[in-house]
Asks: 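So that we are looking at the same thing, I have put the structure below in structure tokens.
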Number of protein chains: 2
Amino acid sequence: MAGHGARSRSGGRPTLEEVAARAGVGRGTVSRVINGSPRVSDATRAAVEAAVDELGYVPNTAARALAANRTDAIALVVPEPETRFFAEPYFSDMLKGVGAELSETEMQLLLIFAGSDRERQRLAQYLAAHRVDGVLLVSVHADDPLPDLLAQLEIPAVISGPRSAAETLTSVDSDNYGGARSAVEHLLSRGRTRIAHITGRLDVYGAQRRVDGYREALLDAGHAVDEHLIQPGDFTEEGGRRAMKELLARRPDVDAVFAGSDVMAAGARQVLREEGRVIPDDVALVGYDDSAIARHMDPPLTSVRQPIEEMGRSMIDLLLAEIADRRPATSRGLERRQAVLATELVTRASS
Amino acid sequence: MAGHGARSRSGGRPTLEEVAARAGVGRGTVSRVINGSPRVSDATRAAVEAAVDELGYVPNTAARALAANRTDAIALVVPEPETRFFAEPYFSDMLKGVGAELSETEMQLLLIFAGSDRERQRLAQYLAAHRVDGVLLVSVHADDPLPDLLAQLEIPAVISGPRSAAETLTSVDSDNYGGARSAVEHLLSRGRTRIAHITGRLDVYGAQRRVDGYREALLDAGHAVDEHLIQPGDFTEEGGRRAMKELLARRPDVDAVFAGSDVMAAGARQVLREEGRVIPDDVALVGYDDSAIARHMDPPLTSVRQPIEEMGRSMIDLLLAEIADRRPATSRGLERRQAVLATELVTRASS
DNA sequence: ATCACCGGTGGGAGCGCTCCCACGGTACCT
DNA sequence: AGGTACCGTGGGAGCGCTCCCACCGGTGAT
């Protein structure tokens, strides 16, 4: 049972002290070298590095965390695992970006689920215990208490998809407004004039911004906005179906639909087909997210691509900056950080 | 529940010692209570628990890890983030299961990417430093050195998708053989007789097992296996296209295709449509994975569903058992653990 | 010459926990 | 009665690291 002195000499990992002995220096000096302090002579540094290599020394994270009161870990908090969010490429793409950026550092990534009440309670304990240096928040609802908890505990955090225009947390977002504009402008350029919009859940800020983009693209092109062409959806396929039916009932002459998500576009497509409307001849269709569904739809769906992987990278960058800033306890001298990344319209046969 | 006056003391979280003082007992006793040791009287336990509640005590993981030489963390190693694996629901579903099962415990989940060489090297260091109590391995190639490294370091590990019939690691798998059988039996029951199979990469054990299931389902139904109807694919859409073209060239009278993945089925469908074959009238099509693509394909694709979430749960169960077994240093007295979970055929319009 | 200073260094003092030994007490033997 | 067996309990001794203070010798200023 790995007793205290038991495995120390045989199989155990070398310690700082052993490296120090080997390099003929003190413990403090080795620590300085490991942590990249500049206050070490070149000769000493070289000797220590040699010893580290020879012994295959790897710092003990637990000891470091205990002594330095930091964890070198950040948490990615995933709310409601059962939603579309999790199944969409969104999550994995973001993770890809996060992972890539993180691999440049010594930080480790913790995945924390906060779906059930039980999980959320555990999370609160977790944060209270300061077991991570920072937190990444994704797809958070407007009324979620988590951001406030983080602010109160003074734990650095970055949120993807700000909750409102007045988001207080550092945030990363894609340009929902611009993305929506580009979709509508594209449809206009294809000669469509009666362009409907199936919105996402309007308590999601990004969905609101897409509506804004839709409106202003029309206005800027000299078209009036017909409120009957704006139909609220909820990001689900069934919601897309319902919205499309409603639209067709109200404005049978609709000649284009901009859906706030690919999934809703898929629902809309089903209804259009059932009603005998040919895509894109009768009705052009544009989605949002550029997910796998878009590529595999029949016809393939024009969609707005978000740079999700870059958003992941961005989140890490901002979070690390935030953590670094807080280290020397400069207190709250930080300006509010924010990143908004550009979207791209991927044109396919549906429009 | 929230610590009242305790929290206001600026000095940070309460320690074991403070809890002990408050409860009027020694440090060791509090430790025993926290860790659920039975060697504590009921009265003492109650007093300690009260003190814990009042102070809002949460154990310091770093200190515990340092003293006890364990981490209470397990790692999920994700190889090659760029593959289909990551984008498919596979990953998120598995994560869902893993998360659900893990939330019953105190363990935390680390996500480690092992795509690039750099990342793999970091991973090796990680493992060498024993920074996790156990490892979850997913979608590992047959020639990956990782499993051997884990065995050598004696780190408990569970692999999803064994690399071969002789897999030495504890493994969790879905019943690829049975899944393939059910697909073929279904096609036979629909009166199809010239059933082709587009295989996955045959260096993947699961893909081999699907071929086995395909063969034996035919044989058991009294049909000969026509090797010309077995066409190797590679799990990609383009591979599915190529395979389908080849099949049509060789056996134009094929009346059903069982593809080893939905993505390959999507490729096959494109070719079938290009060649004017109607699904399912001319050719029935069955996929594997029951992914989003299957539901959104036109016509919707019959597919074999794997209980991925349960596989995730299973992996955790097995890993925790393995870790627990290793704790009292019973050495290698463990039988080889293995779990194989049943699949389910989801019938849709394509067959 | 003296003094102040500074870069480079060694090592003590913890960080908060677990492990384990020692200890007093009770219960049961001989 | 003494002995032996436990219980439940307290607290010392670390775990491997960072932090920080003291120290040393070499500068440049006085």
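Basis for what follows: all heavy atoms, side chains included, without hydrogens, waters or symmetry-related copies.
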Asks: Nearest whole angstrom, please: distance from the P of C/dC15 to the NE2 of A/H130.
Replies: 17 Å
Asks: My understanding is that only residues two or more places apart in sequence, or in another chain, count here; which of them pass side chain to side chain donor-acceptor pair (under 3.5 Å) with B/S103?
Replies: none
Asks: What pairs of residues pass the salt bridge (charged side-chain N to carboxylate O under 4.0 Å, His left out) test when at least one of them lies in residues 33-42 of chain A, not counting sequence neighbours?
Replies: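 Every candidate salt bridge (charged side-chain N to carboxylate O under 4.0 Å, His left out) pair involving residues 33-42 of chain A fails, so no pair, neighbours aside, qualifies.
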Asks: Does anything in residues 22-29 of chain A reach DNA chain D, meaning a heavy atom under 4.0 Å, and if so which residues?
Replies: A/R27
Asks: Salt bridge (Lys or Arg N to Asp or Glu O under 4.0 Å) with A/R163: which residues, sequence neighbours excluded?
Replies: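 By the salt bridge (Lys or Arg N to Asp or Glu O under 4.0 Å) rule, A/R163 matches A/E167.
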Asks: Given atom CG of B/L16 and atom P of D/dG12, what is their separation to the nearest angstrom?
Replies: 15 Å
Asks: Quick one: list whatever passes side chain to side chain donor-acceptor pair (under 3.5 Å) with A/R22, sequence neighbours left out.
Replies: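 Applying side chain to side chain donor-acceptor pair (under 3.5 Å) to A/R22 gives A/E54.
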Asks: Among residues 31-44 of chain B, which residues get a heavy atom nearer than 4.0 Å to DNA chain C?
Replies: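 Listed by number, they are B/S31, B/R32, B/N35.
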Asks: Can you name the side-chain contact (heavy atoms from CB on, under 4.5 Å) partners of A/R32, sequence neighbours left out?
Replies: A/T29, A/S37, A/V40
Asks: Just jot down the side chain to side chain donor-acceptor pair (under 3.5 Å) partners of A/R64, sequence neighbours excluded, or say none.
Replies: none
Asks: Once salt bridge (Lys or Arg N to Asp or Glu O under 4.0 Å) is applied, do any residues pair with A/D148, and if so which ones, sequence neighbours excluded?
Replies: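 If we apply the salt bridge (Lys or Arg N to Asp or Glu O under 4.0 Å) test to A/D148, skipping adjacent residues, there are no hits.
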Asks: Measure the spacing between CZ of B/R120 and CG of B/L149 and express it to the nearest 0.5 Å.
Replies: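 One gets 9.5 Å once the value is rounded to the nearest 0.5 Å.
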Asks: Take the protein atom CD of B/E18 and the nucleotide atom P of C/dC15, then report the distance between them rounded to whole Å.
Replies: 11 Å
Asks: Say whether, by atom type as modelled, one donor and one acceptor occur between the side chain of A/T71 and the main chain of A/D133 under 3.5 angstrom.
Replies: yes
Asks: Give DNA chain C the dot-bracket treatment, 5' to 3': Watson-Crick (N1-N3 with N6-O4 or O6-N4) or G-U (N1-O2, O6-N3) under 3.5 Å, [ ] crossing, | other strand.
Replies: ||||||||||||||||||||||||||||||
Asks: Quick one: A/L66 CG to C/dG16 P, roughly how many Å, whole number?
Replies: 7 Å
Asks: Test of understanding: with salt bridge (Lys or Arg N to Asp or Glu O under 4.0 Å), list the residues that count as partners of B/E101, not counting sequence neighbours.
Replies: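 For B/E101, the residues satisfying salt bridge (Lys or Arg N to Asp or Glu O under 4.0 Å) (neighbours in sequence not counted) are B/R313.
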Asks: Between C1' on C/dG14 and CG on B/N60, what's the gap in Å once rounded to a whole number?
Replies: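 Interatomic distance, CG of B/N60 to C1' of C/dG14: 14 Å.
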Asks: In whole Å, I'd like the distance from the CZ atom of A/R64 to the P atom of D/dC15.
Replies: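 Going from CZ in A/R64 over to P in D/dC15 covers 19 Å.
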Asks: Calculate the interatomic distance between B/R70 atom CZ and D/dC15 atom P; express it in whole Å.
Replies: 18 Å
Asks: Residues two or more places apart in sequence or in another chain: which of them pass side-chain contact (heavy atoms from CB on, under 4.5 Å) with A/E17?
Replies: A/T15, A/R27
Asks: Return the value, rounded to whole Å, for the distance between atom CD of A/E106 and atom C1' of D/dC17.
Replies: 15 Å
